[in-house]
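Structure record follows, encoded as structure tokens.
Quick note: residue numbers are just sequence positions, from 1.
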Amino acid sequence: MRFIIVRWLLVTFALALLAGGTAPAMALEPVGVSRDDVAIDLKPATDFYFGQGRNFQVTTVPGADGIVRRIEVEAKSPEASGNWAVFALANNTDEQLDRLVVASQFRLVGSGILSPDLGSQRIASITPSQGFALERQNSTDADVFLVTLDPGSVVTFVAELTSSNLPELRLWEPNAYKDTINAFTLYRGIVLGIAGLLAVFLTILFVVKGSAMFPAAAALAWAVLAYICIDFDFWQKLLPLAPGQERIWRAGTEVALAFTLAMFLFAYLNLNRWHRALSITLLVWLCLLAGLGGLAAFEPVVASGIARLSLAATAGIGLALIVGLAFQGFDRAVMLIPTWCLIILWLAASWMTVTGRIDNDIIQPALGGGLVLIVLLIGFTVMQHGFAGGSFAQGLLSDMERRSLALAGAGDAVFDWDVTRDRIFVGADGETLSGMPIAAMNGAARDWLPILHQDDRDRFKLTFDTVIEHRRGRIVQEFRVADEDGHYHWMQLRARPVLGSDGEVTRCVGTLKDVTEQKKAEERLLHDALHDQLTGLPNRELFRDRLEAIGILAATRDDVRPTIFVIDVDRFKQVNDDFGLAVGDTILLTVGRRLKRILKPQDTLARLGSDQFGLILVSESDVGAVAAFAEVLREAIKAPISLAGREIVLTGSIGLSGWAEGATSEETLKEAELAMYQAKRFGGDRIEPFRPAYKSIGAGRLQLESDLRRAFERSELSLAFQPIVDLAGETVAGFEALLRWEHPRRGTISPSEFIPIAENTGLIVTLGQFALEEAAKRLGDLHRATGDDSFFMSVNISSRQLIRQDLIADVKSVLERYKLSPACLKLELTESMVMDNPERSAKLLARLRDLGVGLSLDDFGTGHSSLAYLMRFPFDTLKIDQSFLRNNNQPQRPIILHSIVTMAHDLGLKVVAEGVENESDIVQLRQLNCEYAQSFAFSPPLNFETARRLLVDRAASLKRAS
């Protein structure tokens with residue numbers, strides 16, 4: 001038995017080598033991912049393969065179904081390295097997880113000394129064993145890919161490496177990764193700010209003082225600033241770099257560090273005054289380092305390695321020189337000892353870092369901060385020496401004078417209460433207490449009560465009585481004091497008791513400060529946090545809080561029976577698209593004011609979202625009165641809005657729900673929202689009370705959405721192919737690819753049912769990519785099966801795909817992958833989709849046309865476009881909507897059909913007629929010279945095998961006839 005197993009393993013290994021040159025990754029284990037995992041180091045669980053070529057095959061880990069598969073991945077990079085990395089992830093939870101695969105482009109830890117790794121792009125792409133390639137995220141210092149793991153799934157990922165070295169590979173929770181990046185932002189900003197200030201300050205010193213050590217110190221400061229800018233990825237923001245240039249700049253800054261440190265040592269110690277041979281040696285060294293800067297542009301790795309060795313040599317030689325000169329009593333050498341010790345310590349930490357002895361995420365930014373600290377000490381050192389012997393006119397201040405100056409600088413007023421005499425003294429310089437009743441504030445403590453706000457008087461008295469009684473503590477209190485005009489100001493009192501020889505409180509001394517502006521700012525922030533900034537109405541959070549409070553009241557009082565309304569403005573997105581966001585905001589403000597005027601003081605109106613309002617009606621509880629109120633709401637929204645010489649008429653979908661016994665505020669609000677959505681499904685401009693059946697409608701929609709997300713991995717989606725017939729010879733000229741979903745329980749689901757769900761959830765992009773990929777693949781199969789590449793394939797493009805930047809790249813990719821002529825692929829778009837954003841559509845369609853791809857305008861005549869816009873778009877085909885051929889008993893139909901076909905031909909467009917029902921339609925279309933037709937009269941949509949057999953049989957018959 002053991003011999004059989006060993007033999008099976010050897011055979012499997014040999015077959016794998018013959019198939020793709022790669023042994024199956026039998027040792028690969030999936031990395032478990034849970035919802036609590038913040039960051040996982042994937043490198044220990046990753047298998048690496050080098051020199052495998054552009055095509056790479058690998059065996060996946062067993063999936064959730066226990067099946068082991070073998071996948072082949074083709075390199076996407078034009079200059080593929082042939083290096084690959086394989087890892088697997090397992091979602092151990094029952095929910096979908098989003099994670100980021102992060103590979104740092106540069107990591108100082110373990111980068112090496114002689115041939116250092118200066119950073120580069122590490123991963124070109126990552127392909128999962130199921131689904132589409134991972135989407136790269138924007139990042140300048142790391143390769144970041146977003147991966148979505150379905151519940152319970154086990155996925156194998158193949159990463160195409162652009163470098164033979166991958167210093168780090170981690171799986172991050174997106175928010176945790178963002179927090180980690182942001183955590184260093186403040187620190188990096190502070191370090192960069194200090195480094196920049198030091199460089200500028202030392203440059204100014206160089207201008208003021210002509211000593212040679214000042215320009216040397218300034219040059220070192222600028223070199224440190226440049227190095228930190230590169231290390232902190234700030235240089236990319238100042239000067240965007242092309243891929244690979246960061247290695248040159250990083251090597252250049254390291255050479256600059258080595259050069260300027262040696263130059264500073266030479267200039268500061270005045271080595272030209274000592275042995276001539278030593279001076280010549282250092283000058284030659286500096287010249288070689290200067291030449292090394294030129295080498296960095298061609299061989300950055302070599303230049304960086306020499307620069308790192310030079311830094312270590314400078315530190316060692318410098319230490320020997322400093323110690324030797326210090327023993328000779330040279331003052332400059334003595335003052336440089338602390339700084340040079342810090343340089344030695346920094347270089348030791350750097351050596352441990354680049355050799356991998358220190359391995360954490362903090363050491364790299366810490367070394368950058370250490371460089372700034374070194375420059376700071378150098379700045380103090382050169383200042384101490386440069387200004388030695390200078391005198392500054394300064395005198396000694398007493399502690400009392402120092403405190404007095406500090407108080408005057410702070411601008412606070414003095415508060416002194418003589419408890420024994422019951423006299424309060426308040427005094428301030430300038431305008432600290434401008435407008436305050438100083439006379440009333442200086443006197444007995446009881447004289448403060450009339451000028452205090454009535455809500456603060458008891459607290460004021462209690463605070464002072466408590467301090468006197470307990471004879472300890474601090475007073476930190478805010479209260480309102482009326483000024484001379486009667487307006488209240490917020491004052492902040494900070495004081496502490498002073499005890500006499502008998503242990504009793506004799507005085508309370510502190511400061512008094514006007515904090516009115518600060519209080520107003522806090523109130524504004526609180527208001528903005530709970531109110532909509534555009535309309536001033538309560539926002540969703542405050543609305544829910546009030547709804548909860550009214551719910552508690554309704555549970556205890558029978559006369560309180562609120563009704564909850566959710567109002568959505570119909571087609572508001574169209575208003576924004578047609579008139580702009582500023583007009584849309586004005587309309588929302590107008591609608592909000594209209595609705596508010598209808599309410600009574602006990603009712604609440606809030607803005608829940610973009611064009612949604614929530615309303616709590618408490619003033620009316622009778623069913624008839626509530627219905628009448630709802631109608632008033634509807635009419636208020638429908639009233640025309642005059643704007644810029646035109647009238648805009650809007651409608652609203654209104655859902656309402658009454659308060660039920662035992663219902664929670666969240667449930668009632670959810671019921672009103674379900675009723676509103678049902679009103680929108682019925683076409684809008686209607687009032688819809690909640691019905692229990694709406695919950696099942698919402699649940700069914702959610703279940704269908706969940707099933708659609710799983711349909712990809714379950715291979716439930718497919719394409720059907722409806723023939724497009726050439727009317728001249730009634731032969732098949734091409735096909736239109738139509739999406740089909742075969743649900744395991746519900747059977748075939750109509751596209752009219754699942755396409756709207758896909759559009760609302762964003763899955764339409766994935767569906768569109770699937771349709772484009774599958775249609776191109778099947779078209780290539782048909783070309784090879786028939787030997788005829790004249791057949792074309794029409795694929796529908798969604799509006800979401802049209803606005804994505806990746807549509808051009810997706811089309812290029814499928815054309816190259818399946819070796820298709822661009823002319824045989826036609827993209828179909830509807831009028832309404834193109835008219836949503838005509839400017840952007842014109843640019844994108846022009847780029848697609850430049851590729852040679854066919855462009856077809858679908859459902860022509862059903863939208864609202866003008867001929868002027870139509871002439872701007874580079875379409876080559878018009879598809880006449882089937883409504884112009886059906887119901888042909890109307891006399892206008894043939895006239896309109898004739899006009900459309902004639903106009904299309906005049907514009908140089910071909911015509912495809914949909915909805916052909918009988919032979920008379922075919923004759924009429926031929927008389928109009930219509931090129932193509934498509935309908936069930938010719939053929940229903942076919943599966944691929946039937947379509948392939950149809951074309952193969954036709955090709956065979958033509959061959960026999962010839």
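When all heavy atoms of Pro167 and Ser104 are compared, the closest pair comes out as CG-O, 4.1 Å. Of all heavy-atom pairs spanning Asp37 and Ile40, the tightest one is OD2-CD1, 3.6 Å. Taking every heavy atom of both residues into account, Ile113 and Arg308 meet most closely at O-CD, 4.1 Å. Closest non-hydrogen pair, Leu225 versus Leu192, comes out as CD1-O, 4.0 Å. Closest approach of Ala326 to Ile337, counting heavy atoms only: CB-CD1, 4.1 Å. Scanning all heavy atoms of the two residues, the minimum distance from Ala349 to Ile358 falls at O-CD1, 4.4 Å.
Atom CG of Asp143 is separated from atom CG of Leu169 by 10.0 Å, given to the nearest 0.5 angstrom. Taking CD1 of Ile374 as the reference point, atom SG of Cys341 lies at 11.5 Å (rounded to 0.5 Å). To the nearest 0.5 Å, atoms CD1 (Ile306) and CG (Leu295) are separated by 6.0 Å. Between the CZ atom of Phe145 and the CG atom of Leu134 there is a distance of 7.5 Å, given to the nearest 0.5 Å. Separation of atoms OG (Ser310) and CG (Leu292) is listed at 8.0 Å; rounding is to 0.5 Å. Phe87 CZ to Asp47 CG: the interatomic distance, rounded to the nearest 0.5 Å, is 11.5 Å.
Looking at Thr59 and Arg70, their side chains do bring a donor and an acceptor atom within 3.5 Å of each other. Between the side chains of Ser139 and Asp141, at least one donor-acceptor pair of N or O atoms lies under 3.5 Å.
You'll find the side chain of Val68 stays beyond 4.5 Å of the side chain of Val61, heavy atoms only. Looking at Leu265 and Trp340, their side chains come closer than 4.5 Å, going by heavy atoms from C-beta outward. For the pair Ser120/Gln105, no side-chain contact is recorded, criterion being any heavy-atom separation below 4.5 Å from C-beta on. Using a 4.5 Å heavy-atom cutoff, the side chains of Val375 and Trp222 are not in contact. For the pair Tyr187/Pro365, a side-chain contact is recorded, criterion being any heavy-atom separation below 4.5 Å from C-beta on. In this structure the side chain of Thr156 reaches within 4.5 angstrom of the side chain of Val86, judged on heavy atoms. Using a 4.5 Å heavy-atom threshold, the side chains of Leu42 and Arg170 count as separate. The side-chain heavy atoms of Leu171 and Leu89, taken from C-beta on, include a pair separated by under 4.5 Å.
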- Item | From CA spacing to verdict: side chain to side chain contact (heavy atoms under 4.5 Å, CB included), Thr353, Gln364 | CA-CA 8 Å; Thr353 301; Gln364 186 169 337; 6.0 Å; no

- Task: Test side chain to side chain contact (heavy atoms under 4.5 Å, CB included) on Asn91 and Val33 and set out the steps.
- Result: CA-CA 5 Å; Asn91 184 354; Val33 183; 5.6 Å; no

- Should Gln52 and Asn83 be marked as a side-chain hydrogen bond (donor to acceptor under 3.5 Å, both in side chains) after you check the CA-CA gap, both sets of side-chain angles, and the distance that decides it? CA-CA 6 Å; Gln52 301 298 318; Asn83 301 330; over 6 Å; no

- Task: Evaluate side chain to side chain contact (heavy atoms under 4.5 Å, CB included) for Val101 paired with Val144, printing each intermediate quantity in order.
- Result: CA-CA 6 Å; Val101 179; Val144 183; over 6 Å; no

- Between Leu311 and Leu347, does a side chain to side chain contact (heavy atoms under 4.5 Å, CB included) hold up when you go through it step by step? CA-CA 8 Å; Leu311 278 172; Leu347 284 172; 4.2 Å; yes

- With side-chain hydrogen bond (donor to acceptor under 3.5 Å, both in side chains) as the test, would you mind laying out the steps for Thr180 and Asn182 before giving the verdict? CA-CA 5 Å; Thr180 302; Asn182 292 337; over 6 Å; no

- Item | Candidate pair Ser111 and Arg250, rule side-chain hydrogen bond (donor to acceptor under 3.5 Å, both in side chains), full reasoning | CA-CA 13 Å; Ser111 61; Arg250 194 180 304 278; over 6 Å; no

- Query: So Ser34 and Asp36, side-chain hydrogen bond (donor to acceptor under 3.5 Å, both in side chains) or not? Walk me through it.
  - Reply: CA-CA 5 Å; Ser34 68; Asp36 297 326; 5.1 Å; no

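By the 4.0 Å N-to-carboxylate-O rule, Asp359 lies close enough to Arg107 to be salt-bridged with it. Taking a cutoff of 4.0 Å between a charged side-chain nitrogen and a carboxylate oxygen, Arg35 and Glu95 qualify as a salt bridge. Using a 4.0 Å cut-off between charged nitrogen and carboxylate oxygen, Glu168 and Lys43 do not count as a salt-bridge pair. Between Arg817 and Glu74, none of the side-chain N atoms (NZ, or NE/NH1/NH2) sits under 4.0 Å from a carboxylate O, so this pair counts as no salt bridge.
Under the 3.5 Å distance criterion, the side-chain polar atoms of Glu173 are left unmatched by any main-chain donor or acceptor of Ala39. When atom types are taken as modelled, the side chain of Arg54 and the backbone of Glu79 share no donor-acceptor pair closer than 3.5 angstrom. With hydrogens and angles disregarded, no donor-acceptor distance shorter than 3.5 Å links the side chain of Asn92 to the backbone of Gly32. Using modelled atom types, one side-chain atom of Arg122 and one backbone atom of Asn165 make a donor-acceptor pair closer than 3.5 Å. In this structure, Arg136 contributes its side chain and Ala124 its backbone to a donor-acceptor pair below 3.5 Å. Side chain of Asn360 to main chain of Ile363: a donor-acceptor pair is present (N/O by atom type, distance under 3.5 Å, no hydrogens or angles). For the pair Ser304 (side chain) and Pro300 (backbone), a donor-acceptor distance under 3.5 Å is absent. Here the side chain of Trp346 pairs a donor or acceptor atom with the backbone of Leu367 at under 3.5 angstrom. Side chain of Glu816 to main chain of Val814: no donor-acceptor pair is present (N/O by atom type, distance under 3.5 Å, no hydrogens or angles). Judged purely by atom type and a 3.5 angstrom limit, Thr60 uses its side chain to pair as donor or acceptor with the backbone of Arg69.
In this structure, the ring of Tyr49 has its center no less than 6.0 angstrom from the ring center of Trp84.
No more than 12 heavy atoms of other residues, nucleotides or ligands sit less than 6.0 Å from atom NZ of Lys812.
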